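Please read all numbers here as calculations on a predicted model, not as lab measurements.
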Amino acid sequence: NRMSSSDALGSQFGDRERLQVVTLKPFEDVVTEYGAVVLRVCRAVVGPVDAEDAWSETFIAAMRAYPDLNPDANIEAWLVTIAHRKAIDITRVRARVAVPTDDVPELPTRIGVPGTWDHELWDALEQLPLKQRAAVAYHFLGGLPYAEIADILGNTPAAARRAGADGIATLRRTYLSATAAEGSHS
């Protein structure tokens with residue numbers, strides 16, 4: 001009376017100890033749920049012109065890696081990490097490539113940007129050092145805790161918190177004082 005290998009495994013582990021299969025939700029649901037957060041982060045890090053490219057590159061890379069993602073992973077932090085890397089890539093490429101143009105557009109477009117465009121805020125964000133800008137974007141726009149931001153930026157949670165605080169302090173000095181001054185001259 002021989003037992004098959006599946007019988008032996010079944011008897012050894014018993015039905016109650018069998019592993020339950022955990023599946024990931026469909027990738028389309030991930031895009032729907034986290035797309036807006038990733039776009040806000042991309043806008044804050046690379047600016048409005050390159051944000052959609054960074055967003056697209058983020059979700060293309062994520063789609064390729066998604067089947068291998070641990071089902072217990074923090075999807076939002078994972079996507080923000082990918083967005084961070086894509087933003088760095090785009091920033092490096094844009095720094096090396098000249099963009100010649102004969103025609104300058106008359107007005108900036110608002111297509112694809114929810115709400116109004118606040119170029120003064122982007123101008124102020126753009127002046128921040130990259131780690132401060134990233135910490136502000138990831139924490140205040142992406143909603144990530146500083147421990148996860150530290151992993152993304154390659155520093156400690158205390159350093160990420162300090163970068164975020166310094167970035168916000170600078171924005172309060174530069175952006176808020178500039179907008180208050182404009183309001184008083186109207």
Within this structure, what is the [atom1]-[atom2] distance for the pair [X] and [Y], rounded to the nearest 0.5 Å?
X    : Y    : atom1 : atom2 : result
D53  : C42  : CG    : SG    : 10.0 Å
E57  : D89  : CD    : CG    : 8.5 Å
D123 : T174 : CG    : OG1   : 10.0 Å
S56  : L39  : OG    : CG    : 9.0 Å
W78  : L69  : CH2   : CG    : 5.0 Å

With sequence neighbours left out, write down each residue that passes salt bridge (Lys or Arg N to Asp or Glu O under 4.0 Å) with E126, or none if nothing qualifies.
-> none
Compile the donor-acceptor pairs under 3.5 Å between side chains in residues 160-169 and protein atoms, sequence neighbours left out, one pair per line.
unit_1: R162; atom_1: NE; unit_2: D166; atom_2: OD1; d: 3.0
unit_1: R162; atom_1: NH2; unit_2: D166; atom_2: OD1; d: 3.0

Indicate the atoms forming the closest heavy-atom contact of V45 with A137, along with that distance.
-> CG2-CB, 3.9 Å
Test ring-ring contact (aromatic ring centres under 6.0 Å, His included) applied to F59 - qualifying residues, sequence neighbours left out = W55
Could you tell me which residues satisfy side-chain hydrogen bond (donor to acceptor under 3.5 Å, both in side chains) with E33, sequence neighbours excluded, listed by chain and number?
-> K25
N/O donor to acceptor pairs below 3.5 angstrom from side-chain atoms of residues 140-157, sequence neighbours left out:
unit_1: E148; atom_1: OE1; unit_2: N74; atom_2: ND2; d: 3.4
unit_1: E148; atom_1: OE2; unit_2: N74; atom_2: ND2; d: 3.0
unit_1: T156; atom_1: OG1; unit_2: A159; atom_2: N; d: 3.0

Report, one line per pair, each donor and acceptor closer than 3.5 Å where one atom sits in a side chain of residues 79-87; sequence neighbours left out.
unit_1: T81; atom_1: OG1; unit_2: A77; atom_2: O; d: 2.8
unit_1: H84; atom_1: ND1; unit_2: Y138; atom_2: OH; d: 2.6

